[in-house]
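Taking it in order: structure first as structure tokens, then the write-up.
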Amino acid sequence: MIQRLGVPHPAIGYVPYLRDMVLARYPDAKFNEDNNHRLNEDELIAFLDGCDGAIMGGDIVSDRLLRELPQLRNIGIFGVGLNTVDLAACQKHGVKLGHRSGTNRLAVAELALTFMITTLRWITPLNQAMREGKRPRTRIGRNLTGRVVGIHGCGHIGQEVVRLLQPFNCTIIANDLKDRSDFYAEYGVQAVSFDELLERSEVLTLHLPLTRATRNLYDGATLDRLRDDCVLINTCRGGIVDEDSLLERLESNRIPAAGFDVFDIEPAQNDRLLRHPNLIATPHAGASTRDARIAMVGAVIDGLTDGKLVNPVDFADYMD
């Protein structure tokens with residue numbers, strides 16, 4: 001039974017209806033309510049001093065943090081990513097981790113679909129020109145309907161994208177390390193190699209965890225293998241696409257357009273990339289809907305109760 005819960009993630013602390021969900025289960029919980037400040041490691045250690053449970057999301061769970069907070073042995077993850085959690089350290093210190101994949105899948109999939117239509121129809125550069133008083137002539141785009149859409153990573157969110165694409169009569173191809181054959185058969189998805197995914201996709205949407213294997217997977221050489229009309233969508237994790245290489249290819253029109261919700265450093269730092277007219281960018285807002293946030297807080301509260309000791313087998317996708 002958790003006696004004292006700390007919630008350093010400001011996305012919960014400054015939203016009254018989310019904070020009330022936590023307080024209903026943990027009346028003595030303490031919150032970081034400053035949405036303009038994410039706590040660094042030293043601040044996290046000070047904030048969580050005396051807490052035996054924590055709700056973390058995007059906060060660095062390091063070996064040092066767990067070593068200096070020996071009473072902290074129950075952590076619930078707000079969100080679906082574990083790239084900021086040192087799983088080996090959790091295992092070493094006997095931490096119970098509550099984590100549920102897929103709670104934000106619909107919200108993120110809807111944003112990916114939004115990016116597809118927006119990039120194919122040149123909405124961002126046309127809107128920018130209109131706002132600047134240029135009154136541009138129309139620009140010929142492409143329908144999403146009938147396109148070849150490639151999905152790299154067909155887990156919870158990738159599968160939700162497939163479902164949302166059904167009315168658009170797209171040819172959907174997917175590459176995933178896991179066997180998704182039953183799902184593919186149900187929704188008419190073609191399983192393809194990584195090479196074929198790059199060669200055929202007119203729209204390529206990424207839904208991968210950030211691991212050692214996927215970091216900078218989409219470097220300059222890989223981006224150059226895309227079709228010259230392929231638009232690239234990333235709503236999963238920054239660091240999977242090399243941003244300097246992406247900018248070079250947007251500037252040369254080698255890649256016509258891209259939609260990115262995630263960046264290697266967040267808040268995003270590369271203003272040249274962010275201001276490029278053929279990039280639509282959002283600040284890691286994929287799960288930023290009321291519906292998704294309520295589901296995520298419900299899941300993390302349950303995770304504090306039924307979390308389990310970290311076993312590499314249970315988190316194999318994140319420990320590659």
Identify, with sequence neighbours excluded, every residue that meets salt bridge (charged side-chain N to carboxylate O under 4.0 Å, His left out) alongside [X].
X: E248; result: none
X: E43; result: none
X: E160; result: R105, R163
X: D63; result: R67, K92

List for me each residue that meets ring-ring contact (aromatic ring centres under 6.0 Å, His included) alongside F183, sequence neighbours excluded, and say none if there are none. Y187
Any residue meeting side chain to side chain contact (heavy atoms under 4.5 Å, CB included) with [X], in chain and number order, not counting sequence neighbours:
X: L23; result: R19, D20, A29, F31
X: P277; result: P125, Q128
X: S181; result: D179
X: V95; result: L66, R73, I75, C90, H93

Please determine if R293 forms a cation-pi arrangement with F78, meaning its NZ or CZ atom is less than 6.0 Å from the six-membered ring centre and no more than 45° off the ring axis.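 No, cation not above the ring by the 6.0 Å, 45° rule.
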Show me, pair by pair, the donor-acceptor contacts under 3.5 angstrom made by side chains of residues 295-302, not counting sequence neighbours?
residue : atom : partner : partner atom : Å
D302    : OD2  : R100    : NH2          : 3.3

Output every pair passing salt bridge (charged side-chain N to carboxylate O under 4.0 Å, His left out) with a member in residues 109-125, not counting sequence neighbours, ordered by first then second residue.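 Sorted result for residues 109-125: empty, none.
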Side-chain donor/acceptor pairs under 3.5 Å, residues 142-152, sequence neighbours excluded:
residue : atom : partner : partner atom : Å
R142    : NH1  : D229    : O            : 3.2
R142    : NH2  : D229    : O            : 2.6
R147    : NE   : E202    : OE1          : 2.9
R147    : NH1  : N143    : O            : 2.8
H152    : ND1  : Y218    : OH           : 2.7
H152    : NE2  : N175    : OD1          : 3.3

